Number of protein chains: 2
Amino acid sequence: MLINELSKKTGISTHTIRFYEKSGLIEGKQDVSVKSNNYFHYDEVTIEKLEFISDAKSVGFTIKEIGQIIDAWYNKKYTKKQKNEILDEKLISLEQKMKEIKEMKKQLLQFKEDVLKDRC
Amino acid sequence: MLINELSKKTGISTHTIRFYEKSGLIEGKQDVSVKSNNYFHYDEVTIEKLEFISDAKSVGFTIKEIGQIIDAWYNKKYTKKQKNEILDEKLISLEQKMKEIKEMKKQLLQFKEDVLKDRC
DNA sequence: AACAACATTAGAGCATACTCTATAGTTGAT
DNA sequence: ATCAACTATAGAGTATGCTCTAATGTTGTT
């Protein structure tokens, strides 16, 4: 599929898709047999990747980090060991985020308590 | 205390502290009895606020959101009801973040499974 | 008085992650 | 053939959140 279809299927703008491609997160293929244009073609895996990118951005991963994870999954150049290391590292950072969120929740509940008891 | 001491006590640079002050997150007081300078003085509550800002940034709250929370806590201009609404809203967004992190965790564990079983 | 170490303001610069504009060429339906 | 709707590339512009520089003034110790 071409970029417009990809955009419609994922809800991500063509501009942003191109930005992600430039950033190395996704990759389209040009059909060398067609000489009249240099249109990029995208497959179903690219849809998967873009959906993953959206989710990963939501939890606060940077483009760079998302690139590492995608490489750990889709890239052939890493060994199993390297892939596992990258994924474990990201899992640890998720645990850390979770901990921080729980602490912030406590803090906000304390603030609510303070408001209730006129301590502020 | 002056800005340098505040910086040392919180580990936040004077530049960033001034940025937060401009952004309305914290507020120093100028001593009107001293006419030779216009130095800003900060109290213990400012330290509390800066520590809160660091924590709140970690969980992904924006400067604007942090400002709302600080106002819900320290500002006299809101009613109890308004303060509770702001805090509840932020608590809901924390729950949402937690959900997203749990889902991302599952996803990364699935990736690990795929790596293990040579599915990528 | 000299001088380091502080203070202020205004504004420039930077990194991240888009978002948009301009320019130019291609495709496909009528 | 025409024309809307697509495609590509390069580069400019935007928002957020700092981070730094420059210019200038103040304080406190020697």
Side-chain angles (χ1 to χ4, degrees), chain A residues 1-43 46 49-70 90 93 97 100, chain B residues 1-43 46 49-70 90 93 97 100:
Chain A
M1 83 194 86
L2 298 180
I3 197 162
N4 202 33
E5 194 182 340
L6 183 61
S7 171
K8 272 165 190 157
K9 277 187 177 160
T10 59
I12 298 171
S13 77
T14 59
H15 285 303
T16 302
I17 290 171
R18 290 209 172 96
F19 169 73
Y20 289 154
E21 184 147 22
K22 261 188 207 164
S23 306
L25 300 187
I26 58 160
E27 215 178 331
K29 278 170 205 153
Q30 285 176 322
D31 189 340
V32 284
S33 68
V34 177
K35 286 150 204 160
S36 59
N37 71 39
N38 49 352
Y39 291 4
F40 284 89
H41 296 262
Y42 302 93
D43 55 16
T46 308
K49 284 184 184 177
L50 287 174
E51 278 162 359
F52 176 76
I53 293 166
S54 294
D55 294 346
K57 267 171 32 62
S58 287
V59 304
F61 282 133
T62 64
I63 295 289
K64 199 176 163 184
E65 287 176 310
I66 295 169
Q68 290 176 330
I69 300 170
I70 287 178
K90 301 310 172 198
S93 95
K97 280 177 210 279
E100 286 165 351
Chain B
M1 82 195 84
L2 297 180
I3 196 160
N4 202 34
E5 195 182 340
L6 183 60
S7 172
K8 271 165 191 161
K9 278 188 177 160
T10 59
I12 298 171
S13 77
T14 58
H15 286 302
T16 301
I17 291 170
R18 289 209 171 94
F19 169 74
Y20 290 154
E21 183 147 24
K22 262 189 207 163
S23 306
L25 300 187
I26 59 159
E27 217 178 330
K29 278 170 204 152
Q30 285 176 323
D31 189 341
V32 285
S33 68
V34 177
K35 286 150 203 160
S36 59
N37 71 40
N38 49 352
Y39 292 4
F40 284 89
H41 296 260
Y42 303 92
D43 55 16
T46 308
K49 285 184 184 177
L50 287 174
E51 278 162 359
F52 176 76
I53 292 167
S54 294
D55 293 346
K57 267 170 31 62
S58 288
V59 304
F61 283 132
T62 63
I63 296 287
K64 200 177 164 184
E65 287 176 309
I66 296 170
Q68 289 176 333
I69 298 170
I70 287 178
K90 301 309 174 199
S93 95
K97 280 176 210 279
E100 287 165 351

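All chains are named by letter (A, B, ...) in the order of the sequence lines, taking the proteins before the strands, and each is independently numbered beginning at 1. Everything numeric here is computed off the predicted structure, so don't read it as measured data.
Note on A/Tyr20: every side-chain N or O is 4.0 Å or more away from OP1 and OP2 of C/dA17. Remark: A/Ser36 is in phosphate contact with C/dT27, judged by side-chain N or O atoms under 4.0 Å from OP1 or OP2. Proximity of A/Asn37 to the phosphate of D/dT7: no side-chain N or O atom is located under 4.0 Å from OP1 or OP2.
Rounded to whole angstrom, the span from the CZ atom of A/Phe19 across to the P atom of C/dT21 amounts to 18 Å. The OH-P distance, from A/Tyr42 to D/dC6, rounds to 16 Å in whole Å. Regarding A/Ile17, its CD1 atom lies at a distance of 16 Å from the C1' atom of D/dT9, rounded to whole Å. In this structure, A/Glu21 atom CD and D/dT7 atom P are separated by 13 Å, rounded to whole Å. For the pair B/Asn38 CG and C/dA10 C1', the computed distance is 14 Å after rounding to whole Å. Computed from coordinates, the B/Ile53 CD1 to D/dG17 C1' distance equals 12 Å when rounded to whole Å. Atom CD1 of A/Ile12 is separated from atom P of C/dA17 by 14 Å (rounded to the nearest Å). Rounded to an integer number of Å, the gap from NZ of A/Lys35 to P of C/dT27 is 13 Å.
Nearer the 5' end of DNA chain D, as judged by each residue's closest nucleotide, is the contact made by A/His41, out of A/Lys22 and A/His41. Across the interface with DNA chain D, nearest-nucleotide mapping of A/Glu5 and B/Thr16 shows A/Glu5 to be the residue nearer the 5′ end. In terms of position on DNA chain C, the residue among B/His15 and B/Asn4 whose nearest nucleotide sits closer to the 5' end is B/Asn4.
One side chain, A/Tyr42 or A/Glu21, offers a donor N or O that lies under 3.5 Å from an acceptor on the other.
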*Derivation of the side chain to side chain contact (heavy atoms under 4.5 Å, CB included) call for B/Ile69 and B/Phe61*: CA-CA 10 Å; B/Ile69 298 170; B/Phe61 283 132; 4.0 Å; yes

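Here the side chain of B/Gln30 pairs a donor or acceptor atom with the backbone of B/Asn38 at under 3.5 angstrom. Remark: the backbone N or O of B/Ser7 is not paired with any side-chain donor or acceptor of B/Asn4 at under 3.5 angstrom. Remark: side-chain polar atoms of B/Asp55 are not paired, donor with acceptor, to backbone N or O of B/Ser58 under 3.5 angstrom. Within the 3.5 Å criterion, the main-chain N or O of B/Ile12 finds a donor-acceptor partner in the side chain of B/Thr10.
Annotation: cation-pi pair A/Lys57/A/Phe52 absent, no NZ/CZ under 6.0 Å from the ring centroid and within 45° of its normal.
Proximity of residues 54-65 of chain B to DNA chain C (heavy atom under 4.0 angstrom from any strand atom) is not detected for any residue.
With hydrogens and angles left out, the side chain of A/Tyr39 and the base of C/dG25 share a donor-acceptor pair within 3.5 Å.
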